[in-house]
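Side-chain atoms are counted along with the backbone in the values below, which use heavy atoms only and exclude waters and symmetry mates. A, B, ... follow the sequence lines: proteins, then strands. Residue 1 opens every chain. All figures in this text were calculated on a predicted structure; none of them were measured in a lab.
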Amino acid sequence: MPELPEVETIVKRLTTGNGAQTSLVGLTVQNSLVLWERTLAEPDLTEFHQRINGQQVVGISRRGKYLVFSLSADYLIIHLRMSGDILIAEQREALDTYARLVIDFEHSLRMTFLDPRKFGRAWLVAEKHTILGALGPEPLDEAFTPNLFYNQLQRYRRQIKPLLLDQTFLAGMGNIYTDEALHMAKIHPLTRSNAISFDLAQNLLQCIQRVLRQAIERHGTSIDWIYRGGDYQRSLRVYGRTGSPCPDCATPVERILVGQRGTHFCPVCQPAPA
DNA sequence: ACGAGCGCCTGTCGGC
DNA sequence: TGCCGACAGGCGCTCG
């Protein structure tokens, strides 16, 4: 799915309006359409249509991998999961094959939540805390210091990769950027979190932030058949590069399964824990 | 506490 | 060509 940089890219596109596209901020919802019922997690269909119609978009933001639309009275929260994307188009255009949720605004604008795999979810809630409350800190938040990170790592005896993917531990990391950050920090994905020294933790946090910032600058990563316009895929060090030379030492990149997720690393730069 | 396994879905790709 | 398994940017659940 879109990870933090991809969601951040989408938020910027929806907020500032890119090129010919208009910003959604300030627009009022005129109509809504749910094409795949399970996409709407809350509330039920009838209440959703009644409540969202007539509400104005006050702001659009991101928390972890969640898209957060602040409306006049509620929050529309969308999680894109594996294959979701947001499309802005004119209402006169044909609906996309993978349209799951459609919101029509004034000026004939239409926002479509596309999601081939149907894993994505949308919520319309009065309190965003009910959906976002359990999320861990934002990795790019200045208040998230090396000290805090180190102390949190020490609290668990977990493999570092699944821990970084745990959204209640840290919000926004996904499979791509976790592999990239661990390679940059020269840490093996199976390293126990409490075995990481303060210096290593500080460096890992810097690597996480560097990878995320660079990916945001490149507008995210475009892989598979879903093209989002980003080109960070050209900068990937290990993700999806099984058998290709490590950019630092030329050893072939290896792939293992960690927590059911494909995991890419350099066996030389990231030596296995004792 | 921690991790494995599975379900949710559709699409792509490589091997035979 | 057709079929079949593996795999895919995520996460919630159950079970040891």
Could you give the [atom1]-to-[atom2] distance, from [X] to [N], as a whole number of Å?
X: A:L165; N: B:dG3; atom1: CG; atom2: C1'; result: 13 Å
X: A:R155; N: B:dA1; atom1: CZ; atom2: C1'; result: 12 Å
X: A:L163; N: B:dG3; atom1: CG; atom2: C1'; result: 13 Å
X: A:W123; N: C:dC11; atom1: CH2; atom2: C1'; result: 10 Å
X: A:L114; N: B:dC9; atom1: CG; atom2: C1'; result: 15 Å
X: A:D115; N: C:dC11; atom1: CG; atom2: C1'; result: 13 Å
X: A:Q233; N: C:dA8; atom1: CD; atom2: P; result: 17 Å
X: A:D85; N: C:dA8; atom1: CG; atom2: C1'; result: 16 Å

Give every residue pair that meets the ring pair (Phe, Tyr, Trp, His ring centres under 6.0 Å) criterion with at least one member in residues 235-256 of chain A, sequence neighbours excluded. A:Y239-A:H264

[X] side chain near [N] phosphate (N/O to OP1/OP2, under 4.0 Å):
X: A:R117; N: C:dC7; result: no
X: A:K118; N: B:dC8; result: no
X: A:Y98; N: B:dG11; result: yes
X: A:Q167; N: C:dC11; result: yes

Show me, range against range, the stems involving DNA chain B, built from at least 3 consecutive Watson-Crick or G-U pairs below 3.5 Å.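 Stem list for DNA chain B: B:2-8 with C:10-16, B:10-16 with C:2-8.
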
Taking atom CD of A:E127 as the centre, does the number of heavy atoms from other residues, nucleotides or ligands within less than 6.0 Å exceed 12?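 No, because the 6.0 Å sphere around CD of A:E127 holds 12 heavy atoms or fewer from other groups.
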
Choose from [options] the nucleotide whose nearest atom is closest to any side-chain atom of [X].
X: A:H79; options: C:dG10, B:dC8, C:dA8; value: C:dG10
X: A:Q159; options: B:dT10, B:dA4, C:dC11; value: B:dA4
X: A:E3; options: B:dC2, C:dC11, C:dG10; value: C:dG10

What I want to check is whether the side chains of A:T112 and A:D96 have a donor and an acceptor closer together than 3.5 Å. no

Looking only at the side chains, is there a donor atom on one of A:H183 and A:R237 sitting less than 3.5 Å from an acceptor on the other? yes

Please list, chain by chain and in numerical order, all residues satisfying side chain to side chain donor-acceptor pair (under 3.5 Å) with [X], sequence neighbours excluded.
X: A:Q30; result: none
X: A:Q260; result: none
X: A:H188; result: none

I'd like the P distance from C:dC3 over to B:dC8, given in whole Å. 25 Å

When the P atoms of B:dG5 and C:dA8 are considered, how many whole Å apart are they?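 The answer is 16 Å between these two P atoms.
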
Using the aromatic ring of A:F119 (for Trp, its six-membered ring), decide whether it stacks on the base of C:dC11 within the limits of 5.5 Å and 30°. no

For A:T97 and A:Y156, take the nucleotide of DNA chain B holding the closest heavy atom to each; which residue's nucleotide lies nearer the 5' end? A:Y156

What protein N or O atoms touch nucleotides 13-15 of chain B N or O atoms at under 3.5 angstrom, if any, and at what distances?
none

Could you tell me which residues satisfy ring pair (Phe, Tyr, Trp, His ring centres under 6.0 Å) with A:F119, sequence neighbours excluded, listed by chain and number?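 In terms of ring pair (Phe, Tyr, Trp, His ring centres under 6.0 Å), with neighbours along the sequence ignored, A:F119 is linked to no residue.
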
Output the residues of residues 252-267 of chain A in contact with DNA chain B, where contact means a heavy atom of the residue under 4.0 Å from an atom of the strand; sort by number or write none.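 When residues 252-267 of chain A is checked for heavy atoms under 4.0 Å from DNA chain B, the hits, listed by number, are A:G259, A:Q260.
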
Check: residues 154-169 of chain A side-chain donor-acceptor pairs under 3.5 Å, at least two apart:
{"residue": "A:Q154", "atom": "NE2", "partner": "A:N194", "partner atom": "O", "Å": "3.4"}
{"residue": "A:Q154", "atom": "NE2", "partner": "A:I196", "partner atom": "O", "Å": "3.1"}
{"residue": "A:R158", "atom": "NH1", "partner": "A:D166", "partner atom": "OD2", "Å": "3.0"}
{"residue": "A:K161", "atom": "NZ", "partner": "A:N175", "partner atom": "OD1", "Å": "2.6"}
{"residue": "A:K161", "atom": "NZ", "partner": "A:D179", "partner atom": "OD1", "Å": "2.8"}
{"residue": "A:K161", "atom": "NZ", "partner": "A:G262", "partner atom": "O", "Å": "3.3"}
{"residue": "A:K161", "atom": "NZ", "partner": "A:T263", "partner atom": "OG1", "Å": "2.9"}
{"residue": "A:D166", "atom": "OD1", "partner": "A:T168", "partner atom": "N", "Å": "2.9"}
{"residue": "A:D166", "atom": "OD1", "partner": "A:T168", "partner atom": "OG1", "Å": "2.7"}
{"residue": "A:Q167", "atom": "OE1", "partner": "A:G172", "partner atom": "N", "Å": "2.8"}
{"residue": "A:Q167", "atom": "NE2", "partner": "A:L165", "partner atom": "O", "Å": "3.0"}
{"residue": "A:Q167", "atom": "NE2", "partner": "A:M173", "partner atom": "O", "Å": "2.9"}

Taking transitive links into account, so neighbours of neighbours count too, which hydrophobic residues share a cluster with A:L190 at under 4.5 Å side-chain distance?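 ILVMFWY cluster around A:L190 also holds A:I256, A:V258, A:F265.
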
List, by chain and then residue number, the residues other than A:V102 in its hydrophobic cluster (Ile/Leu/Val/Met/Phe/Trp/Tyr, side-chain heavy atoms under 4.5 Å); write none if there are no others.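 When side chains under 4.5 Å apart are linked, the cluster holding A:V102 also contains A:L33, A:L35, A:L95.
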
Rounded to the nearest 0.5 Å, how far apart are OG of A:S23 and CD1 of A:I60?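 Nearest 0.5 Å value for the OG-CD1 distance: 6.0 Å.
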
Residues that A:L148 engages under side chain to side chain contact (heavy atoms under 4.5 Å, CB included), provided they are two or more places apart: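 Residues passing side chain to side chain contact (heavy atoms under 4.5 Å, CB included) with A:L148: A:F144, A:T145.
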
May I ask you to verify whether the side chain of A:R158 and the base of B:dA1 hold a donor-acceptor pair under 3.5 Å?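 Result: no qualifying N/O pair found.
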
